[in-house]
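Note that the structure is predicted; figures quoted are calculated from it, not measured.
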Amino acid sequence: MTEKPYIPRLYGRRQDRPLRQRPARLVEELLPRIAMPDPEQGAIAPSVLFTGLKKFWLEIGFGGGEHLAWQAEQNPDIGMIGAEPFINGVAKLLTQVDARKLDNVRIHFGDARPLLEAIASASLDRIFVLYPDPWPKARHFKRRIISPWFLAEAARVLRPGGALRVASDIPDYIRWTLMHASQNADFEWTATTPADWRDPPADWRETRYEKKARAAGRTPTYLTFSRR
């Protein structure tokens, strides 16, 4: 009998401190209006979620939503999808969506794995995985989002020429990402000079986590892979 391949769960906290009044209200009222469909109910075609838009980006684990909200504001012609299992992070993004009147954002509150599996093939133009949990202990490596399973799914949902962006301030996680990406024939690392991984892309919004990493003396690295 053939053993089934291991498919990692995408781990994450659900809640930290209780939400304040306004974020709690937005979770109650705004989130249902811009929530992604339940991936357990079948395939999801991003084109039916955004009226008139033709390009779609996905950010997995958007944290406080600074990067996602900025990208949505700078690119009103792009449908931005965010997945986050941490309700406090979801509430922070909702606050920005409400304040900036962003109508090109959709949110999946929960595990990104079923969402990724449900998204239609060749329907995304970019995927962002920014500062994922490094799970530094060897026994927890299987919890890392970057994995053969993830790269296979990312290759499936990205259109040819689409981009996967990964950023981390943990050198071991960068090595891990490059190792796994090099083993997937569907992706090509686009870097040609050291500046390509040392400097952030031109269309980049620094997050609070990134600021903390720099303040602590950790150097971010930016990786971009192209879908062949």
Side-chain angles (χ1 to χ4, degrees), residues 6-16 36 39 57-71 80-90 92-93 107-117 119 124 126-158 162-184 187 189-191 197-198 200-201 204-216 218-225 227:
Y6 173 75
I7 299 178
R9 173 188 171 195
L10 305 187
Y11 293 81
R13 295 177 296 168
R14 297 292 290 185
Q15 186 164 4
D16 187 0
M36 291 291 289
W57 298 353
L58 168 67
E59 183 169 344
I60 295 177
F62 55 73
E66 303 100 330
H67 174 267
L68 192 152
W70 183 86
Q71 290 286 8
M80 295 293 305
I81 301 170
E84 174 60 54
F86 187 40
I87 189 59
N88 298 74
V90 170
K92 289 176 181 177
L93 176 57
I107 297 175
H108 174 72
F109 169 42
D111 183 353
R113 181 180 62 83
L115 174 66
L116 192 59
E117 291 175 336
I119 290 176
L124 299 182
R126 282 189 191 176
I127 297 176
F128 301 93
V129 182
L130 310 181
Y131 300 97
D133 194 321
W135 295 107
K137 295 181 180 179
R139 68 176 182 271
H140 292 154
F141 281 179
K142 64 182 180 181
R143 297 184 179 184
R144 291 177 168 181
I145 182 174
I146 300 299
S147 64
W149 168 84
F150 169 76
L151 290 167
E153 283 297 304
R156 181 186 65 79
V157 300
L158 280 171
L164 168 63
R165 285 187 182 176
V166 181
S168 178
D169 58 325
I170 308 299
D172 177 66
Y173 205 93
I174 293 298
R175 289 190 293 269
W176 173 274
T177 301
L178 290 171
M179 176 188 71
H180 284 288
S182 68
Q183 296 170 357
N184 187 302
F187 285 105
W189 187 23
T190 62
W197 67 81
R198 292 175 180 169
W204 184 264
R205 167 61 160 84
E206 188 177 54
T207 66
R208 280 176 288 181
Y209 179 87
E210 188 171 84
K211 291 179 181 178
K212 290 179 180 179
R214 291 186 184 280
R218 300 190 299 273
T219 302
T221 298
Y222 310 91
L223 305 177
T224 300
F225 303 93
R227 172 67 166 92

[X] side, atom [atom1]; [Y] side, atom [atom2] - distance, nearest 0.5 Å:
{"X": "Phe62", "Y": "Lys92", "atom1": "CZ", "atom2": "NZ", "answer": "11.0 Å"}
{"X": "Ile107", "Y": "Met80", "atom1": "CD1", "atom2": "CE", "answer": "11.0 Å"}
{"X": "Leu223", "Y": "Arg165", "atom1": "CG", "atom2": "CZ", "answer": "11.5 Å"}
{"X": "Trp204", "Y": "Leu130", "atom1": "CH2", "atom2": "CG", "answer": "4.5 Å"}
{"X": "Leu158", "Y": "Arg227", "atom1": "CG", "atom2": "CZ", "answer": "7.5 Å"}
{"X": "Glu84", "Y": "His108", "atom1": "CD", "atom2": "NE2", "answer": "10.5 Å"}

Within the structure provided, determine whether [X] and [Y] are in side-chain contact (heavy-atom separation under 4.5 Å).
{"X": "Ile127", "Y": "Val157", "result": "yes"}
{"X": "His180", "Y": "Phe150", "result": "no"}
{"X": "Leu58", "Y": "Leu115", "result": "yes"}
{"X": "Asp133", "Y": "Arg143", "result": "no"}

Indicate yes or no: does Arg205 engage Glu66 in a salt bridge with an N to O separation below 4.0 Å. no
On the six-membered ring of Trp57, is Arg126 placed so that its NZ or CZ lies under 6.0 angstrom from the centre and within 45° of the ring axis?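 Yes; both conditions hold, so Arg126 lies above the ring face of Trp57.
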Once the angle between the rings of Trp197 and Trp189 is folded into 0 to 90°, is it parallel (under 30°), tilted (30 to 60°) or perpendicular (over 60°)?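 Ring orientation, 0 to 90° scale: tilted.
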Check the angle between the aromatic planes of His140 and Trp135 and answer parallel, tilted or perpendicular using the 30° and 60° thresholds. perpendicular
Taking all atoms of both residues into account, what is the closest heavy-atom pair of [X] and [Y], and its distance?
{"X": "Gly82", "Y": "Leu68", "answer": "CA-CD1, 3.4 Å"}
{"X": "Tyr173", "Y": "Ser168", "answer": "CB-OG, 3.7 Å"}
{"X": "Glu210", "Y": "Pro220", "answer": "CG-CG, 4.1 Å"}
{"X": "Val90", "Y": "Phe109", "answer": "CG2-CD1, 3.8 Å"}
{"X": "Phe225", "Y": "Ala181", "answer": "CE2-CB, 3.5 Å"}
{"X": "Ile60", "Y": "Ala112", "answer": "CG2-CB, 3.8 Å"}

Could you tell me whether the side chain of Thr190 and the main chain of Thr224 form a donor-acceptor pair under 3.5 Å? yes
Backbone of Leu116 reached by a side-chain donor or acceptor of Arg156 within 3.5 Å: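 Checked: pair present.
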Side chain to side chain contact (heavy atoms under 4.5 Å, CB included), that's the test. Do Gln71 and Glu59 meet it? Break it down for me. CA-CA 10 Å; Gln71 290 286 8; Glu59 183 169 344; 5.8 Å; no
